[in-house]
Enquirer: 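Next up is a structure, given as structure tokens.
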Amino acid sequence: MMDKTFDPAAVEARVSAAWDEGQAFRAGRPERAGAEPFSIVIPPPNVTGSLHMGHALNNTIQDILVRFERMRGRDVLWQPGTDHAGIATQMVVERRLMETQQPGRRELGREEFLRRVWAWKEESGGTIIGQLKRLGASCDWSRERFTMDEGLSRAVLKTFVDLHAQGLIYRDKRLVNWDPKFQTAISDLEVQQIEVKGHLWHFDYPVVDEAGAETGAVITVATTRPETMLGDTAVAVHPDDERYRDLVGKRVRLPLVNRLIPIVADAYSDPEKGTGAVKITPAHDFNDFEVGRRNGCRPINVLDPEARIQIAGNADFLDGAAPEEAARALDGLDRFEARKRVVALMEERGLLRAVEPNTHAVPHGDRSGVVIEPYLTDQWYVNVKPLAERALQAVRDGKTRFVPDNYEKIFFQWLENIEPWCVSRQLWWGHQIPVWYDGEGGVFVAESEAEAVAQAKAKHGTEVALTRDPDVLDTWFSSALWPFSTLGWPDKTPELARFYPTNTLVTGKDIIFFWVARMMMMGLHLTDHAPFETVYLHTLVRDEKGAKMSKSKGNVVDPVDLIDRFGADALRFTLAALAAPGRDIKLGPQRVEGYRNFATKLWNAARFAEMNGCELKADYRPEAVTETLNAWALTEAAKAVAEVAHAITVYRFNDAAAAAYRFVWNVFCDWYLELAKPVLQGEGVDPAARAETQATVAFLIDQIAKLLHPFMPFLTEELWAIKGEALPAPRGLLALESWPELSAYQNAEAEAEIGWLVDLISEIRSARSETNVPAGAQVPLVLVAADASVRARVERWSETLVRLARLSEIGFADAAPKNAVQLLVRGSVAALPLEGIVDLAAEVARLKKEAGKARTEIGKIEGKLGNADFLARAPEEVVDEQRERRDAEAARLVKIEEALARLSDA
């Protein structure tokens with residue numbers, strides 16, 4: 001006997017153990033040796049991470065795909081693994097050392113610190129893998145990989161060495177995003193722009209003549225970062241700005257520093273912004289770096305790695321100038337303290353013209369929380385321009401497609417304007433760059449120290465001491481190789497031959513540049529194949545009000561908490577049902593609770609079937625049914641299977657979930673079981689009809705288990721096991737069963753009859769509700785000008801009509817009675833005479849008033865949405881809320897107008 005309630009916690013643990021024991025998710029199963037492969041690589045979560053809602057959505061979508069394809073008979077590999085997450089992991093371990101009052105990283109030294117990181121990884125890392133298993137992710141866990149595994153590390157080293165040999169990796173002094181707290185370059189992805197209330201300071205720079213003497217004229221520049229003026233090497237004005245045309249080519253004396261710098265013409269300067277003249281500090285601003293490069297102005301770095309002013313020993317700073325003693329006194333000051341001092345010094349000298357309040361975006365490190373500096377350092381770069389061309393061509397040629405396809409335009413825009421990729425990081429945890437230096441500045445790039453020593457010996461004729469580059473590679477460098485390094489590349493392994501290129505990549509739209517594009521570039525360059533055929537980019541999961549989740553707002557929804565409360569199946573189905581392409585998901589506990597109720601509904605239906613003798617029959621054949629109701633249910637099941645399969649194959653997961661939900665809840669539970677009750681429970685029923693109905697109910701529960709399995713694997717696996725106990729021979733896991741095959745089963749006559757019955761009852765119920773018929777009232781039904789087929793249907797289903805539509809009687813007439821609501825159902829007309837039951841005139845008046853309110857509300861909302869100022873200022877979630885309110889009112893208005901149309905005929 002089935003348990004009275006479905007207990008997700010107990011079932012999930014038991015089902016997971018059964019999957020593990022049966023090795024259900026292993027790729028390369030012997031019985032599928034000849035099957036078509038299907039492969040997906042997991043976006044490797046950080047080894048430091050725990051499951052967040054973005055992971056839950058991403059992995060639910062992937063799992064729907066792989067379970068679906070596994071059931072369709074393909075040899076599926078869902079490749080799991082984790083990323084070493086350089087800066088995040090190093091930060092976690094350093095914090096742990098500090099909290100336990102142990103020596104810090106630098107005191108421990110590199111070798112001991114890395115030993116501690118590996119120990120932490122083995123002890124605490126990988127929490128997220130256990131959480132993914134709780135979600136039901138059907139990865140081939142026997143193949144789990146880590147980006148610093150020996151094999152993957154070898155792939156990274158080979159790639160670096162080969163790209164360097166091809167001239168695509170080189171060392172250069174350029175600006176990077178510099179984190180002064182962690183003292184490393186970081187990627188754009190790790191930079192968070194935060195609105196900050198600050199100031200705009202206007203400084204006067206004295207113009208000088210050819211001999212360097214001040215002329216008395218000044219040029220005024222505006223800046224949000226006064227401390228960087230110490231590194232100014234030019235002032236730029238727009239070439240067409242008449243105010244400054246005569247000054248172009250002349251020089252100014254940089255206050256405090258006394259460096260003479262040119263006034264250059266450059267289109268970067270905006271005549272409409274500020275004074276139209278901008279200070280150019282190439283070593284401390286990305287735009288200024290490009291202006292300086294165009295105009296031959298060399299960069300001067302005035303900060304040290306901890307973002308303190310660096311003057312002593314800074315030969316670039318002097319540049320032939322004689323700084324004031326006050327400027328030299330800034331040496332060693334923190335950048336923000338230096339800012340205050342520079343402003344004060346400029347004011348003392350009468351060179352501070354104005355101060356304006358100014359709110360602007362300031363880059364912060366997403367992990368350190370400190371302000372990021374554009375910083376000039378020597379770093380290793382990849383020239384990705386030629387690699388980007390191949391990636392662009394692969395998408396243009398259709399070898400890789402994006403879903404939704406509007407992301408192709410974004411992909412093109414970024415790759416067409418791609419800059420060199422900085423791949424070095426000043427960290428200890430990660431893939432150490434395979435470069436060694438001799439004492440003379442010689443550079444030796446090799447996969448091992450032994451090879452580097454051999455190269456140096458060949459150059460010098462004897463062995464020389466070498467020092468390895470201390471930097472490590474950007475985490476994205478190893479992640480870019482993930483689709484093929486996990487399969488054994490650079491070796492030509494059987495797995496690589498079978499599962500690469502992969503079929504689909506599922507990832508968030510926010511890393512299209514940082515990961516997707518780099519995998520495309522590296523995959524094409526190193527393997528000559530695009531690494532995946534399709535890139536499905538999902539949106540963000542927001543809170544129930546549409547706001548972005550953040551710890552600071554306190555609105556983060558923890559997926560593990562939701563699994564604990566409602567079960568993994570409910571969370572998964574919720575995410576699938578809300579995953580409309582291009583639209584962010586609004587998620588709250590109530591939505592998940594709603595789909596928990598869906599699981600409960602199916603469980604209760606299965607218990608109802610059990611209590612009514614509905615057991616699987618080994619010899620059951622759906623095509624042999626004779627009862628119209630059973631034939632209709634099978635036809636609807638075939639339709640649902642086709643809809644769900646099509647929606648999954650075109651990545652419309654919300655449509656797939658909706659089709660499955662509609663069939664299970666509406667068709668099977670609400671209609672089929674309700675209509676079947678008299679056959680299952682009534683007296684004097686034909687035994688053959690009852691037996692066929694019992695077998696059909698059991699068969700359809702099996703098909704529902706298959707249909708829902710990609711979405712709700714735990715519940716369905718449990719139902720499959722329970723229902724299979726009635727069969728004479730044991731059966732295997734549902735995860736390895738075939739997808740339902742009902743395409744050949746269509747019964748148009750059954751669909752016409754039962755479909756008409758369902759539509760008629762539904763229309764009567766809607767009309768009752770819309771016209772405020774009391775719930776307990778019984779009303780008469782009149783079939784107007786009914787033909788023989790309609791009369792026959794009514795004859796067969798009269799008792800059901802009376803019971804389910806709450807009718808007092810059913811009659812026939814050539815014309816509709818007066819004061820009756822008319823219904824059109826599949827070409828036949830039915831009428832509900834409501835005189836004496838409802839005040840029709842009052843009801844019409846009420847509905848017209850409601851329609852007017854709805855139109856007024858829609859007008860107000862349309863006014864807001866048509867206001868460009870509102871759209872520009874209102875938060876995204878507020879705009880979305882207004883659109884949803886408008887759509888809801890519009891839908892309500894349609895219902896009201898339908899009701900009015902019915903009453904106007906009465």
Side-chain angles (χ1 to χ4, degrees), residues 39-44 58 62 79 83 147 152 155-156 158-170 172 174 187-190 380-424 431 473-487 489-490 496 499-538 581-582 651:
S39 58
I40 285 182
V41 291
I42 201 170
N58 179 274
Q62 290 179 86
Q79 174 64 54
D83 190 283
T147 47
L152 276 67
V156 167
K158 176 176 173 55
T159 299
F160 187 97
V161 171
D162 288 354
L163 290 179
H164 181 269
Q166 294 159 14
L168 293 170
I169 282 186
Y170 59 94
D172 194 12
R174 294 172 62 97
S187 71
D188 290 342
L189 184 66
E190 295 160 310
W380 287 95
Y381 289 88
V382 180
N383 174 18
V384 285
K385 194 72 175 174
L387 280 62
E389 288 298 326
R390 289 196 68 182
L392 286 165
Q393 198 59 47
V395 177
R396 291 191 186 108
D397 293 345
K399 292 177 181 176
T400 298
R401 69 187 185 99
F402 285 84
V403 179
D405 60 8
N406 59 294
Y407 287 111
E408 287 185 6
K409 184 178 180 182
I410 299 170
F411 182 78
F412 290 151
Q413 287 174 342
W414 190 71
L415 284 189
E416 285 165 356
N417 298 286
I418 198 166
E419 293 291 325
W421 173 17
C422 175
V423 293
S424 46
H431 294 101
L473 286 164
D474 176 13
T475 301
W476 295 106
F477 191 92
S478 50
S479 297
L481 314 181
W482 185 252
F484 44 94
S485 64
T486 50
L487 296 172
W489 185 92
L496 187 68
F499 295 110
Y500 185 84
T502 65
N503 296 83
T504 305
L505 175 74
V506 178
T507 190
K509 63 180 182 179
D510 51 335
I511 56 174
I512 184 172
F513 315 131
F514 304 101
W515 192 43
V516 178
R518 285 166 179 166
M519 284 189 290
M520 289 278 291
M521 291 188 289
M522 289 295 200
L524 284 159
H525 185 74
L526 298 172
T527 73
D528 212 33
H529 294 285
F532 20 74
E533 297 168 359
T534 303
V535 179
Y536 175 82
L537 294 158
H538 59 75
Y651 303 97

Enquirer: Can you sort out the partners of His538 under ring pair (Phe, Tyr, Trp, His ring centres under 6.0 Å), two or more places apart, ordered by chain and number?
Expert: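 So His538 forms no ring pair (Phe, Tyr, Trp, His ring centres under 6.0 Å) with any residue.
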Enquirer: Just jot down the salt bridge (charged side-chain N to carboxylate O under 4.0 Å, His left out) partners of Glu419, sequence neighbours excluded, or say none.
Expert: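 Counting only residues at least two positions away or on another chain, Glu419 forms a salt bridge (charged side-chain N to carboxylate O under 4.0 Å, His left out) with Arg174.
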Enquirer: Which distance, rounded to the nearest 0.5 Å, do you find between the OG1 of Thr159 and the CG of Leu168?
Expert: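 So the gap between those two atoms works out to 11.5 Å.
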Enquirer: Without placing hydrogens or testing angles, list every side-chain donor-acceptor pair under 3.5 Å for residues 480-487, not counting sequence neighbours.
Expert:
from   : atom 1 : to     : atom 2 : distance (Å)
Trp482 : NE1    : Ile42  : O      : 2.8
Ser485 : OG     : Leu481 : O      : 3.0
Thr486 : OG1    : Trp482 : O      : 2.7

Enquirer: Considering only heavy atoms from C-beta outward, does the side chain of Pro386 approach that of His525 to under 4.5 Å?
Expert: no
Enquirer: Which atom pair, heavy atoms only, marks the closest approach of Trp515 to Pro44?
Expert: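 Where Trp515 meets Pro44 most closely, the heavy atoms are CZ2-CD, 3.7 Å.
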Enquirer: Could you list the residues that satisfy salt bridge (charged side-chain N to carboxylate O under 4.0 Å, His left out) with Asp162, not counting sequence neighbours?
Expert: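 Testing Asp162 for salt bridge (charged side-chain N to carboxylate O under 4.0 Å, His left out), a comparison that skips the adjacent residues, returns Lys158.
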Enquirer: Quick one: salt bridge (charged side-chain N to carboxylate O under 4.0 Å, His left out) pairs with a partner in residues 473-487, sequence neighbours left out?
Expert: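 Residue pairs passing salt bridge (charged side-chain N to carboxylate O under 4.0 Å, His left out), neighbours aside: Arg425-Asp474.
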Enquirer: Over all heavy atoms of both residues, which pair between Tyr170 and Val382 is shortest? Give the atoms and the distance, please.
Expert: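 Nearest heavy atoms, Tyr170 then Val382: CE2-C, 4.3 Å.
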Enquirer: Test of understanding: with salt bridge (charged side-chain N to carboxylate O under 4.0 Å, His left out), list the residues that count as partners of Asp83, not counting sequence neighbours.
Expert: none
Enquirer: Using 0.5 Å steps for rounding, measure from the CG atom of Leu526 to the CG atom of Leu163.
Expert: 6.0 Å
Enquirer: Any chance you could measure Ser479, atom OG, to Leu473, atom CG, to the nearest 0.5 Å?
Expert: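 CG of Leu473 is found 11.5 Å from OG of Ser479.
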Enquirer: Quick one: side chain to side chain donor-acceptor pair (under 3.5 Å) partners of Gln413, sequence neighbours excluded?
Expert: none
Enquirer: To the nearest 0.5 Å, what is the distance between CD1 on Ile418 and CG on Leu392?
Expert: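 Atom-to-atom, Ile418:CD1 and Leu392:CG are 8.5 Å apart.
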Enquirer: State, yes or no, whether a side-chain contact exists between Ser478 and Leu152 at a heavy-atom distance under 4.5 Å.
Expert: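 The answer is no; the side chains never approach within 4.5 Å.
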Enquirer: Pick one: which of Val41, Thr504, Ile40 meets side chain to side chain contact (heavy atoms under 4.5 Å, CB included) with Gln62?
Expert: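 With Gln62 as partner, side chain to side chain contact (heavy atoms under 4.5 Å, CB included) holds for just one option, Ile40.
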Enquirer: Do any pairs count as a salt bridge (charged side-chain N to carboxylate O under 4.0 Å, His left out) and have a residue in residues 511-522, sequence neighbours left out, and if so which ones?
Expert: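 Listed by first then second residue: nothing to list.
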Enquirer: Report the residues that fulfil salt bridge (charged side-chain N to carboxylate O under 4.0 Å, His left out) with Asp528, sequence neighbours left out, ordered by chain and then residue number.
Expert: Arg390
Enquirer: Under the ring pair (Phe, Tyr, Trp, His ring centres under 6.0 Å) rule, what do Trp489 and Tyr500 come out as? Steps first, then yes or no, please.
Expert: CA-CA 10 Å; Trp489 185 92; Tyr500 185 84; 9.4 Å; no
Enquirer: Among residues at least two apart in sequence or on other chains, which ones pass side chain to side chain donor-acceptor pair (under 3.5 Å) with Tyr536?
Expert: none
Enquirer: Is there a side-chain contact between Thr507 and Leu537, using heavy atoms and a 4.5 Å cut-off?
Expert: yes
Enquirer: Rounded at 0.5 Å granularity, tell me how far CG in Leu524 sits from NE2 in His529.
Expert: 9.5 Å
Enquirer: For residues Phe514 and Trp476, report the shortest heavy-atom separation together with the two atoms involved.
Expert: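 Heavy-atom minimum between the residues: O-CE3, 3.4 Å.
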Enquirer: What pairs of donor and acceptor atoms, side-chain ones from residues 394-410 against any protein atom, are under 3.5 angstrom apart with sequence neighbours left out?
Expert:
from   : atom 1 : to     : atom 2 : distance (Å)
Arg396 : NH2    : Glu416 : OE2    : 3.3
Asp397 : OD1    : Gln393 : NE2    : 2.9
Thr400 : OG1    : Phe532 : O      : 2.8

Enquirer: Are Ser187 and Phe513 side-chain neighbours, meaning at least one heavy-atom pair lies under 4.5 Å?
Expert: no
Enquirer: What heavy-atom pair brings Pro420 and Tyr381 nearest, and what distance separates the two atoms?
Expert: CB-CD2, 4.0 Å
Enquirer: Using the side-chain contact (heavy atoms from CB on, under 4.5 Å) criterion, which residues pair with Ala517? Sequence neighbours excluded.
Expert: Phe411, Trp414, Leu415
Enquirer: Which atom names give the shortest non-hydrogen contact between Ile169 and Trp380, and what distance separates them?
Expert: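 Between these two residues, the closest heavy atoms are CG2-CE3, 3.7 Å.
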